[in-house]
Chemist: 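This is the structure, below, for whatever I ask next.
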Amino acid sequence: MVAAHTGHSSASAEWIICLDKRPAERSGEDVDIILARLKRVKAFERFHPSLLQQICLCGYYECLERGVTLYRQGDIGTSWYAVLSGSLDVKVSETVNHQDAVTICTLGIGTAFGESILDNTPRHATIVTREFSELLRIDQREFKSLWEKYRQCMAGLLAPSYGVMESGGPSPDSEYKTIAPSVMSIYNVPSEKIMRAGKVLRDAILSRAPHIIRDRKYHLKTYRQCCVGTELVDWQMQQSSCVHTRIQAVGMWQVLLEEGVLNHVDQELTFQDKYLFYRFLDDEQEDAPLPTEEEARESNEELQDTLLLLSQIGPDAHMRMILRKQPGQRTADDLEIIYEELLHIKALSHLSTTVSTDSVTFIIHCRPYTVALFNQGEEGTSWYIILKGSVNVVIYGKGVVCTLHEGDDFGKLALVNDAPRAASIVLREDNCHFLRVDKEDFNRILKDVEANTVRLKEHYQDVLVLEKSPSSNSTTSSSHYKYTVMSGTPEKILEHFLEMMRLDSHLNESDPALDDFVLMHCVFIPNSQLCPVLMASQGSEQERLDYTLNNKRRVIRLVLQWASVHGDHLQEEDASLAFLEEFFVSVSDDARVIPALKYQLPELEKIHKVLLRQFSMGDEKLQKRQAIKSNDEILFKVYCSDHTYTTIRVPMAASVREVISAVADKLGSAEDLLLVNLSSAGGEKVVLKPNDISVFSTLSINGRLFVCPGDQLDSLMPLPEQEGPSTGSLGSFELMSSKDLAYQMTLYDWELFHCVHEHELIYYTFGRQNFKKTTANMDLFLRRFNEIQLWVITEICLCAQLSKRVQLLKKFIKIAAHCKEYKNLNSFFAIIMGMSNPAVSRLSQTWERMIANTVRIVRHCRSLPFKPSQTSKNHPDVRSYVRQLTVIDNQRTLSQFSHRLEPRRT
């Protein structure tokens, strides 16, 4: 225990001096001085005078400077405290390392804590002063004595053990452990208004109908100064014009029962309109005085206002009374009342009349104080709605991220998505009311009427937006729908996917949404930011061991999936390689302490070796096309306006600004130069932007890069070679087998396609300049389609002899059919579109005795199952031909050739 500060202000010195005395040395005057001061403290203002006087006799004063630790989590307590001034932080740690404790709430003036001394359980949290604070301290022995004597009055001051506390009836021989939850879920420190209302009703009854409050005998037992429930209801309905039904009257008496102003003699939790005995709080003392004439007169004057007050708050009390009943004990009237009340709650405002009223039979009432309703990482078993009060949402490593208030709900995502709790929920004030729906009943009744969109907030900002969608795997969830990510901060999205990851599934059975994140994360969180987040997401010592273990296992699985998807691209980034090295070492170290991680080490080690070692490629692999990487250097010709050129060596992903700089260095030019993409038609001149990257692969088939000053742009003319061939390749082409041509085309197309990484589609869609990455492999694959299409047009338009053109057209149709047989739809459609080009389709003489034959060939190809040949003859000339097609890409030139072959009919 920290020694109390001895310096006191002059204004408070008198009562503090009195409290500093030993209890046995305090005079009656000292007690009066202390009593006058404590009456102004929120925690004590509603205490019964006799209890408050006892506190004045046994309490001690302490004042502590800022940052003082009053006691630590796990200590065995010796005292109970109430806050007179200042505030204190409540810190909880999931390990023995108190330095990692997270602040879950703050205790202000009027709050009390330390009730674990009643059963000698360890302290559930560490208490640290947030500022200079004054406390009232009561030692364990005196506090236990007060508790036994004034248990009912003190119940509202106490916080139960750190954990979930449920409402329920006490057993006859209950000690604090079992009775406290039930008492606290019903009784609260009475407010000043309710205390006064109880006194007004008691004094009015004694002055108007004294026979109602009297000693009564039942089964040979005498009950002192009691009332009967039915008599109280009868009397109230006679006295008040605002009470119209007995149910309404019951709710008004329930208010007094909940607040502890009226008590059932056998500690029943609800007021009933039956022959049951109740006793006013003032009558709990033996020889309680009767009201004086003055008190009786005041009570009669205030009676109607008091009844009006109780009629206004009675429905809520009646609602809580119904909710405390067991489901089987609720009547049809009870269910109707609950349903009408539920429609006024924000979290349930979307309910319709199609929801059966029996849905509320599974909602219970819970009313703890500064406890965790559930902890992060635990299995989700219930959904909660706040009727009164507020809670803090606490996340490991972040502390309190937001506060939820009356009408808000929480806990539903863990039920719908069958996932662990994403945060801990800690009450931030006493006297909180909740509705709770258990998982089974939630899925059975409320799942179909839940809101379509859920927004998660941290620090009052949306960090994750989820939308309801059908569940693709009903075996993994008891519900037929789930909430999927629509938007959010990158860190929260990653955190959500880690929480949702099922450790009992195979690595290949991951969530499609998670696959999308792994593939698309570069759009909103590059690897340079993702790697630190992944490293931090493994957990820390402040978290529970089981939570940390599961978190580490989830991160390992995500890293394995991330590495397998990104593959060789990670080798281009030093930060990613450094992360993999660090991550592998970290997991290896953890596996020595946590044996369960050893099972994932082999997979991680395999990825580690594959990505970090250098390969030596054999001759066979060198013959195959290799993917182009962003850092690959390229030799490229850049032309000037006079058709001279200079050759530069730059990275594939070089920007236009870097290309111009390299050309200017070679040319020794100090002028401001433009880089221009000039097509074979000459009229299409595209001035490239300085930030454009990887422009070499974006050129058209016969396009060239030119560099020139701005005033020479209009004078740029295409090179003669850009016009393409003047004669066709029919001489060699007709000697090649159609099937061999299709096979080699398919082989080459596959090599081009295989080099295209999925991320290139992302870079292409969102702009390669935003990622500083090349899309060269995708550009070349797309360019191949145009090349084949133009090849078909070029060969047909350069074939002057009609009979040869017919044979050529048939050959292209056969090649297209074989391409379809090989499932090479890229070349298939390119050939078809080539033959559909106006320069070819207008050749009517070539197409006549051909249409029916084409239909038959296509129908025949569609009817055959796919059976690719096991082997194909390796014709180097065919292979070389299909990879080096020469084409005319100028549509005007192709049209001119077409009209020469078959002039327009007049």
Side-chain angles (χ1 to χ4, degrees), residues 1-6 43 59-109 111-144 147 157-165 176-177 180 368-377 392 394-400 424-430 539-548:
M1 179 62 62
V2 181
H5 181 66
T6 56
Y60 292 90
Y61 171 84
E62 287 197 16
C63 64
L64 305 174
E65 299 293 343
R66 179 180 182 272
V68 174
T69 300
L70 191 61
Y71 57 73
R72 294 189 182 276
Q73 182 178 342
D75 292 348
I76 300 299
T78 59
S79 302
W80 174 85
Y81 302 88
V83 183
L84 303 178
S85 70
S87 59
L88 303 93
D89 286 334
V90 180
K91 297 177 177 286
V92 173
S93 172
E94 298 297 338
T95 69
V96 294
N97 189 355
H98 297 292
Q99 293 180 345
D100 294 332
V102 173
T103 300
I104 61 172
C105 64
T106 300
L107 304 176
I109 297 174
T111 56
F113 57 95
E115 67 288 342
S116 64
I117 61 174
L118 285 171
D119 52 6
N120 291 319
T121 56
R123 298 294 197 188
H124 311 295
T126 298
I127 306 295
V128 181
T129 54
R130 189 181 182 91
E131 57 187 313
F132 175 80
S133 302
E134 294 177 294
L135 308 176
L136 178 75
R137 174 173 61 84
I138 299 179
D139 289 339
Q140 183 180 36
R141 186 179 65 178
E142 286 75 15
F143 187 77
K144 281 188 173 181
W147 170 256
L157 262 184
L158 303 186
S161 299
Y162 184 74
V164 179
M165 306 298 287
Y176 170 71
K177 261 187 174 180
Y369 164 55
T370 52
V371 303
L373 289 177
F374 52 74
N375 293 306
Q376 184 175 353
N392 284 334
V394 182
I395 295 179
Y396 290 137
K398 297 182 180 179
V400 178
S424 299
I425 299 295
V426 180
L427 275 67
R428 67 188 296 268
E429 56 184 292
D430 61 345
S540 63
E541 293 183 358
Q542 78 181 64
E543 300 160 7
R544 299 195 317 273
L545 182 59
D546 58 342
Y547 179 83
T548 300

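Along the sequence shown, the residues carry numbers beginning at 1.
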Chemist: Is there a side-chain contact between I76 and P122, using heavy atoms and a 4.5 Å cut-off?
Modeler: yes
Chemist: Return the minimal non-hydrogen interatomic distance between R123 and T78, and the atom names on each side.
Modeler: NH2-N, 3.7 Å
Chemist: Considering all heavy atoms of both residues, which atom of A125 and which atom of V90 are nearest to each other, and what is their separation?
Modeler: CB-CG1, 3.5 Å
Chemist: R130: what forms a side-chain hydrogen bond (donor to acceptor under 3.5 Å, both in side chains) with it, not counting sequence neighbours?
Modeler: D89
Chemist: Can you name the residues that form a side-chain contact (heavy atoms from CB on, under 4.5 Å) with V394, not counting sequence neighbours?
Modeler: V102, I104, N392, V400, S424, V426
Chemist: Looking only at atom types and distance, does a side-chain atom of S133 sit under 3.5 Å from a main-chain N or O of L64, one as donor and one as acceptor?
Modeler: no
Chemist: Apply side-chain hydrogen bond (donor to acceptor under 3.5 Å, both in side chains) to E142 and list each qualifying residue two or more places apart in sequence or on a separate chain.
Modeler: none
Chemist: Which atom pair, heavy atoms only, marks the closest approach of S116 to H124?
Modeler: CB-NE2, 4.1 Å
Chemist: As an exercise, state the distance from CG of L136 to OH of Y81, rounded to the nearest 0.5 Å.
Modeler: 10.5 Å
Chemist: Minimum heavy-atom separation for L118 to K144, with atom names?
Modeler: O-CE, 3.3 Å
Chemist: Output the distance between atom CD (Q73) and atom CD1 (I127), rounded to the nearest 0.5 Å.
Modeler: 10.0 Å
Chemist: Counting distance only, does the side-chain N/O of T69 pair as donor-acceptor with the main-chain N or O of V128 below 3.5 Å?
Modeler: no
Chemist: Less than 4.5 Å apart, side chain to side chain, heavy atoms only: is that true for F113 and L88?
Modeler: yes
Chemist: Below 4.5 Å, heavy atoms only, C-beta onward: do F132 and R66 meet side chain to side chain?
Modeler: no
Chemist: Could you state the interatomic distance from CD1 (I109) to CG (L84), rounded to the nearest 0.5 Å?
Modeler: 8.5 Å
Chemist: Check whether any side-chain heavy atom of W147 sits under 4.5 Å from a side-chain heavy atom of W80, and report yes or no.
Modeler: no
Chemist: Quick check for you: to the nearest 0.5 Å, what is the distance between E65 atom CD and T129 atom OG1?
Modeler: 8.0 Å
Chemist: What residues, two or more places apart in sequence or in another chain, satisfy side-chain hydrogen bond (donor to acceptor under 3.5 Å, both in side chains) together with D139?
Modeler: S79, R137
Chemist: Could you grab the distance from atom CG of L135 to atom OH of Y61, nearest 0.5 Å is fine?
Modeler: 8.5 Å
